[in-house]
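Take a look at the structure set out below.
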Protein chains: 2
Amino acid sequence: MKKKNITIYDIAKVANVSPTTVSRVLTGNPLVKESTRKRVLEKMEELEFTPNEAARSLTKKQTNMIGFILPDITNPFFSQTYIGVERKAFEQGYTILLRNSMNSREMESAHLREFVERRVECIVFMGGRINKSEPTEEEIVEMKEVMKRVPLIMVNGQMEGVDCHTIRTDEEEGMRSIIHHLVSLGHKDISLIGGEEGVSTADIKAKAFQEELENNNLEFHNEWQIYSGFGIDDGRVAMKRLLTNKKLPTAIVGINDMVIYGALKECREHKVSIDHFSFVGYDDIFPSDIVHPSLTTVNHNYEVLTSEIIEVIKKIIEKKDTEKEILIDTKLIIRESSFENNQGK
Amino acid sequence: MKKKNITIYDIAKVANVSPTTVSRVLTGNPLVKESTRKRVLEKMEELEFTPNEAARSLTKKQTNMIGFILPDITNPFFSQTYIGVERKAFEQGYTILLRNSMNSREMESAHLREFVERRVECIVFMGGRINKSEPTEEEIVEMKEVMKRVPLIMVNGQMEGVDCHTIRTDEEEGMRSIIHHLVSLGHKDISLIGGEEGVSTADIKAKAFQEELENNNLEFHNEWQIYSGFGIDDGRVAMKRLLTNKKLPTAIVGINDMVIYGALKECREHKVSIDHFSFVGYDDIFPSDIVHPSLTTVNHNYEVLTSEIIEVIKKIIEKKDTEKEILIDTKLIIRESSFENNQGK
DNA sequence: TTGTATGCGTTATCAC
DNA sequence: GTGATAACGCATACAA
């Protein structure tokens with residue numbers, strides 16, 4: 001256990017070359033005679049040498065690490081995004097540092113600080129403060145401080161006054177396509193459940209929802225839009241409250257898939273037939289195609305999204321020009337949960 | 001952008017102290033006069049100094065990083081395990097490097113290599129080669145090589161001849177509890193679907209399954225045990241094949257929750273009433289309590305599992321003694337999908 | 001094609 | 001309490 005760490009100096013000694021030459025074979029410098037390269041490699045094998053990345057980072061002033069902050073990796077929306085980025089980063093030789101913030105400001109700060117200290121080349125940020133319509137002054141200031149030292153990419157979020165790279169999927173258009181779909185199925189009474197005022201992903205969708213109802217000359221019922229949160233239980237709560245209305249909608253749109261899972265569960269537990277409602281979610285997360293009924297929802301185009309993220313990362317690191325704002329088309333996925341309105345007048 | 005990296009030397013200069021003193025306030029050394037400490041801290045603030053973790057790691061010969069390899073973070077079984085470990089590691093001041101292997105030997109190797117180069121303090125390994133009943137010689141050798149340089153913890157797996165720390169949930173007992181549960185509901189005809197021969201998690205369960213049938217004087221029908229894989233589609237395939245039998249079981253156990261999702265889907269698409277079968281899964285992953293019917297399954301006791309992982313990590317790093325093998329109790333979660341057998345003779 | 005000297009930004013070991 | 005000085009392990013500029 002007291003085994004001395006072996007370094008390029010040790011290799012140099014046993015291979016009868018200078019440390020520089022060892023370093024050269026390490027970095028793949030072609031100006032090394034084949035025979036000596038071979039000898040060095042052999043010795044490295046023999047002594048079980050492994051280069052020390054910390055030392056390398058120190059001299060090269062680059063770490064090949066990318067920081068990735070998201071609220072909760074157990075949420076399929078984030079894990080589906082993360083894994084695409086990780087795979088593509090791996091192919092490019094980058095290493096990702098993943099951190100879950102649980103939407104906590106303190107954890108976000110801690111992770112940001114660590115990323116700066118570890119000198120990540122770039123930070124990808126999802127959720128939390130960048131989705132608040134009114135982040136605190138400290139949150140903004142902190143982001144600006146971080147940005148002075150490392151480039152920042154916000155995914156599906158933004159912050160007033162923080163001028164960084166932005167990649168987002170078109171949630172507004174996504175919501176419009178939902179309404180369009182429901183209208184084409186003959187629905188006139190449409191509800192929106194879940195979300196939270198002041199969180200951008202909810203605000204954007206709610207605004208588009210209302211506007212698109214209007215465009216279709218449909219009435220917006222205030223009591224049919226129920227903010228409750230983003231989780232499964234929040235969906236149950238919303239559904240419960242929705243069901244207290246005298247008049248009920250024929251279609252229910254969720255701020256995301258999760259709340260619809262909750263709504264369906266609530267219906268079942270209270271013997272409310274789910275056949276009375278068309279349900280539409282948002283995100284197209286993992287279980288949405290296997291739940292019953294399978295869920296009509298909006299897919300974020302994860303493949304394109306993650307590709308764009310990597311592209312921007314690459315360009316930032318290679319100091320090439322990039323668009324500051326990227327908008328990605330979403331696509332409506334039609335499944336069993338939405339069907340023709342047969343309660344028509 | 002050409003801003004020079006500012007170091008403790010810069011701070012030292014403007015604060016009229018030596019770099020050593022700056023380092024002292026950085027490490028929280030108490031032997032610094034309060035007034036100078038304050039002055040130094042002020043200057044650090046002013047110049048926006050952030051310590052360089054690479055340099056620190058280099059001299060301290062410790063990185064506070066832990067490598068974590070798992071097959072696929074989008075699989076809730078893994079993300080539920082991972083997030084618990086990440087949170088607890090964070091509380092202890094450790095940083096986790098997550099890598100998805102997709103069960104590919106090449107990716108596992110690449111990740112292992114990177115972990116060694118980055119000098120992680122410990123590696124947690126799940127899935128892939130450590131679940132094969134017959135790993136290749138290279139896979140074994142590689143693991144041993146890695147173990148010479150960094151401690152290894154295998155979670156729910158092991159490798160012949162690789163003497164490392166092992167933490168696993170009691171899959172054998174978990175399967176026995178399933179059979180026990182089904183028998184108590186009056187089931188005599190029980191099927192096992194999914195999994196793959198040669199993968200430990202399947203082998204262990206299949207063995208316990210057969211033994212426990214025998215213990216209960218139930219007949220094991222070879223044609224009712226169907227290996228097909230671990231995914232949703234594999235569950236569909238298995239169910240399809242199961243349905244071709246003349247005589248059908250009354251209860252169907254899945255090698256995991258995923259295959260049951262698939263089996264349910266297959267039934268629905270082919271108008272086979274799911275009320276004919278009790279279904280039991282394994283893992284208790286995220287959607288199992290919200291799918292319909294909610295799934296009876298075995299929970300791995302994630303809280304305990306992740307706590308044990310962290311405990312072992314801590315003890316390894318602090319060079320304290322630990323049990324080499326830890327076995328964790330699982331718990332049967334009974335939900336809607338399993339019910340009394342009413343086709344009784 | 002190879003070697004020497006130096007720097008990267010900390011911490012640790014002494015000495016004062 | 002504080003400060004020189006030497007590691008830590010590699011890469012790079014410059015020589016040879």
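Keep in mind that the numbers below use all heavy atoms, side chains included, and drop hydrogens, waters and symmetry copies. These numbers were taken from a predicted model, which means no experiment stands behind them. Here is how names work: the chains are called A, B, and so on, in the same order as the sequence lines, proteins then strands, and each is numbered from 1.
- A:K13 places its NZ atom 13 Å from the P atom of D:dG9, with the value rounded to the nearest Å.
- The side chain of B:T59 contributes no N or O atom lying less than 4.0 Å from OP1 or OP2 of D:dC8.
- Distance, A:N16 CG to C:dG3 P: 9 Å, rounded to whole Å.
- Listed nucleotides: C:dT10, C:dC8, C:dG3. Nearest to the side chain of A:L58: C:dC8.
- Taking side-chain N and O atoms only, B:K61 has a distance below 4.0 Å to OP1 or OP2 of D:dG9.
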Take A:R113 and A:E117 through the salt bridge (charged side-chain N to carboxylate O under 4.0 Å, His left out) test and state the conclusion after the steps. CA-CA 6 Å; A:R113 194 171 331 114; A:E117 295 190 356; 5.8 Å; no
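- Atom CZ in A:R119 sits roughly 8 Å away from atom P in C:dG9 (whole-Å rounding).
- Without hydrogens or angle criteria, B:E121 side chain to B:N64 main chain gives a donor-acceptor distance under 3.5 Å.
- One atom, CZ of B:F49, and another, P of C:dG9, lie 10 Å apart when rounded to the nearest Å.
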A:E48 and B:K148: CA distance, side-chain angles, deciding distance, salt bridge (charged side-chain N to carboxylate O under 4.0 Å, His left out) verdict: CA-CA 9 Å; A:E48 294 177 341; B:K148 286 183 190 166; 2.7 Å; yes
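- A:N52 has its CG atom 16 Å from the P atom of C:dT10, to the nearest Å.
- Sorted by first then second residue, the salt bridge (Lys or Arg N to Asp or Glu O under 4.0 Å) pairs that include residues 153-166 of chain B, not counting sequence neighbours, are B:D163-B:K324.
- For A:R56 and C:dG9, the CZ to P distance is 18 Å, given to the nearest whole Å.
- Taking the six-membered ring where tryptophan is involved, the planes of B:F77 and B:H300 are tilted, since the angle between them lies from 30° to 60°.
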With side-chain hydrogen bond (donor to acceptor under 3.5 Å, both in side chains) as the test, would you mind laying out the steps for B:R105 and B:S109 before giving the verdict? CA-CA 6 Å; B:R105 174 180 144 34; B:S109 297; 3.1 Å; yes
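- Among the atoms of the strands shown, only primed sugar atoms or phosphate atoms (P, OP1, OP2) are found under 4.0 Å from some heavy atom of A:P51.
- Within 4.0 Å (heavy atoms only), A:S57 reaches no atom of the nucleic acid at all.
- With rounding to whole Å, A:R37 atom CZ is found 9 Å from C:dT2 atom P.
- For the contact set between residues 22-32 of chain A and DNA chain C, defined by any heavy atom under 4.0 Å, the members are A:R24, A:L31, A:V32.
- Side-chain contact annotation: B:R39 with B:S35, donor-acceptor N/O pair under 3.5 Å absent.
- Among the heavy atoms of the strands lying under 4.0 Å from A:T20 is at least one base atom, whether or not backbone atoms are also near.
- Among the protein residues, A:T7 comes within range of the sugar-phosphate backbone only, with heavy atoms under 4.0 Å from sugar or phosphate atoms but none that close to a base.
- With respect to A:R87 and A:E91, a salt bridge is recorded, a charged nitrogen being found less than 4.0 Å from a carboxylate O.
- C:dG7 atom P lies 16 Å from atom CD1 of B:I8, rounded to whole Å.
- Map A:S35 and A:Y9 each onto its nearest nucleotide of DNA chain C; the residue landing nearer the 5' end is A:S35.
- A close approach under 4.0 Å does not occur between any side-chain nitrogen or oxygen of B:N5 and OP1 or OP2 of C:dC8.
- OP1 or OP2 of C:dT2 has not a single side-chain nitrogen or oxygen of A:T21 nearer than 4.0 Å.
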